[in-house]
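None of these values were measured; they are calculated from a predicted model.
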Amino acid sequence: MMMKILALTGFLLLIGCDAMQGHSSVPAMTNDGETTYQARDVQVSLRSVAQDLELPWDMAFISDEDFLVTEKVGRLTRVNLARGSSTAIKNIPEVAFEGQGGLLGVTLHPQFAGNGLLYLSYSVALPDGNYSTRLLRARLADDQLQDSQVLFTAEPALKTTRHFGGAMVFDDSGHLYLSVGDRGRRNNAQDLSTDLGKIHRFTAAGGVAPDNPLIGQSKAREGIYSWGHRNPQGLAIHPQTRELWAAEHGPKGGDEINLIRAGANYGWPVITYGEEYRGGAIGEGGAKVGMEQPVHYYVPSIATAGIGFYNGNQIPQWHNNLLVTGLRAHVSRLALEGKKVVAEELLFENLNTRMRSVETGPDGALYLLSENGSIVVVEAAPAEPVTAD
């Protein structure tokens, strides 16, 4: 499958967005076919660098010009920015593309440049007819996966095809974090004898991290790092503090941005700022002693997906801001002071597509992955030329 290199002309109809603080104005089309967008504190340009992906979910840069994209249907694709080409990676594990499941996350070993190791999260159908979240490690060589090894399969497996989680990230110690949703069975999130509704921490080889908080606790799953989660679909490490942050996909309202601490309980379904889809309270309210409060939450919901801290040089006004993609077709930009959100701006509300993932590229630009199959690069808009009178 060849990627089409497109300008955004005719691809996006942007009409601006009202941010929670400030206003982002109507974009204008430049002469070279790029779209400019006036955010609150900077003008940026947007251009499509690829399309025709099928339900993309996550991405990871493997070089300055190449990155991998997972497609929920069960494909892993290498995209080359310079040529606008795509190559299907061979030897992908069998994926259950059912309901909310499919091929989900991809992340690279911290020494990927030398060892070629990558990690995939995906939903798998088991012989008994149940489904689970699975973690696999493999070596990428010659556009195929080699030496594939299943590291983890969440238990218990269930008939439902909801809330698989699947977000992954490495920390500076070489530990791998993986989110697993509650699988649509809420009480799992508070049950430490299950893997569901948890964020897990492993060694790079797939073993339990030796200092995980529940090691030695009776009946607890020792891979658990934190619990009380509904369906976290975004994990990221802060560029300065190196702390772990997560985006929690809530019910009707109540999407959460959480700072994740070892052994902490994030409350689902006992506490939440969301409600039932048909209306009505969930649990005991918004707070309870012994349960963590979110750093930020969304009411109404933006349907949070992937997250990333912007640490590039193209848009210095957004440096170290947290970018939160939303399946309700926009990106939330959160400016932080320490652990506090001091400003929010909703960007690109009318891209008319579900935004799935965000990454800072090696070139310092911001890359957005949308479920309509497109990859959009966001850069600082060029300055207007100065002309002599």
| query | Which heavy-atom pair separates L196 from A154 by the least distance, and what is that distance? | reply | CD2-CB, 4.1 Å
| remark: In T161, L103, L55, the residue satisfying side chain to side chain contact (heavy atoms under 4.5 Å, CB included) with F97 is L55
| said: Between D41 and Q317, do the side chains contain a donor N or O and an acceptor N or O under 3.5 Å apart? | reply: no
| Any pair counted as ring-ring contact (aromatic ring centres under 6.0 Å, His included), so long as it reaches residues 132-155, sequence neighbours left out | F152-H200, F152-F202
| query | Under 6.0 Å between the ring centres of Y266 and H229? | reply | yes
| field | L76-M59 co-clustered via ILVMFWY side chain contacts under 4.5 Å | value | no
| Distance-only, no hydrogens or angles: does the T77 side chain make a donor-acceptor pair with backbone N or O of A88 under 3.5 Å? | no
| remark: Of all heavy-atom pairs linking S179 and L235, the shortest is N-CD1, 4.2 Å
| Could you give all pairs that pass the salt bridge (Lys or Arg N to Asp or Glu O under 4.0 Å) test and reach residues 122-139, with sequence neighbours left out? | R139-D147
| task | Take N372 and Q51 through the side chain to side chain donor-acceptor pair (under 3.5 Å) test and state the conclusion after the steps. | result | CA-CA 8 Å; N372 74 352; Q51 70 167 18; over 6 Å; no
| request: Report yes if the distance between the aromatic ring centroids of Y273 and Y298 is under 6.0 Å, otherwise no. | output: no
| request: Run the ring-centre check on Y177 versus F170 and record whether the distance is less than 6.0 Å. | output: no
| field | NZ/NE/NH1/NH2 to OD/OE distance under 4.0 Å, R333 and E344 | value | no
| task | Apply the test salt bridge (Lys or Arg N to Asp or Glu O under 4.0 Å) to residues E155 and R221: give CA-CA distance (whole Å), side-chain angles for both, the deciding distance (0.1 Å), then the verdict. | result | CA-CA 10 Å; E155 297 180 356; R221 307 289 289 181; 3.4 Å; yes
| query | According to the interplanar angle, ranging from 0 to 90°, do the rings of H238 and W245 count as parallel (below 30°), tilted (30 to 60°) or perpendicular (above 60°)? | reply | tilted
| message | Please check: side-chain N/O of T325 versus main-chain N/O of G306, any donor-acceptor pairing under 3.5 Å? | response | yes
| query | Between the main-chain N or O of L178 and the side-chain N or O of K198, is there a donor-acceptor pair closer than 3.5 Å? | reply | no
| message | I'd like to know if E379 pairs up with R47 as an ion pair, taking the criterion as any Lys NZ or Arg NE/NH1/NH2 lying under 4.0 Å from an Asp or Glu carboxylate oxygen. | response | yes
| message | To the nearest 0.5 Å, what is the distance between CD1 on I302 and CG on L327? | response | 8.5 Å
| task | Describe, in one word, how the ring planes of Y310 and W318 are oriented to each other, choosing from parallel (under 30°), tilted (30 to 60°) and perpendicular (over 60°). | result | perpendicular
| query | Do any N or O atoms from the side chain of E276 and from the backbone of K252 form a donor-acceptor pair under 3.5 angstrom? | reply | no
| Presence of salt bridge, E243 and K339, under 4.0 angstrom | yes
| Any donor-acceptor N/O pair, S301 side chain to D255 backbone, under 3.5 Å | no
| field | Pairs involving residues 257-268, ordered by first then second residue, that meet salt bridge (Lys or Arg N to Asp or Glu O under 4.0 Å) (sequence neighbours left out) | value | R261-E292
| Contacts of type side-chain contact (heavy atoms from CB on, under 4.5 Å), residue N187, not counting sequence neighbours | P269
| message | Set out, in order, the CA-CA distance, both residues' side-chain angles and the distance that settles side chain to side chain donor-acceptor pair (under 3.5 Å) for N258 and E256, then state yes or no. | response | CA-CA 6 Å; N258 286 304; E256 296 180 0; 3.0 Å; yes
| request: Can you run down the salt bridge (Lys or Arg N to Asp or Glu O under 4.0 Å) pairs that involve residues 100-122, sequence neighbours left out, and say none if there aren't any? | output: none
| said: Taking CD in E94 as the centre, count heavy atoms belonging to other residues, nucleotides or ligands within less than 6.0 Å. Is the count above 12? | reply: no
| remark: Applied to residues 200-218, the salt bridge (Lys or Arg N to Asp or Glu O under 4.0 Å) test, sequence neighbours excluded, yields R201-D211
| Cationic N near anionic O, under 4.0 Å, R78 to D66 | yes
| T160 backbone acceptor or donor facing R183 side chain under 3.5 Å | yes
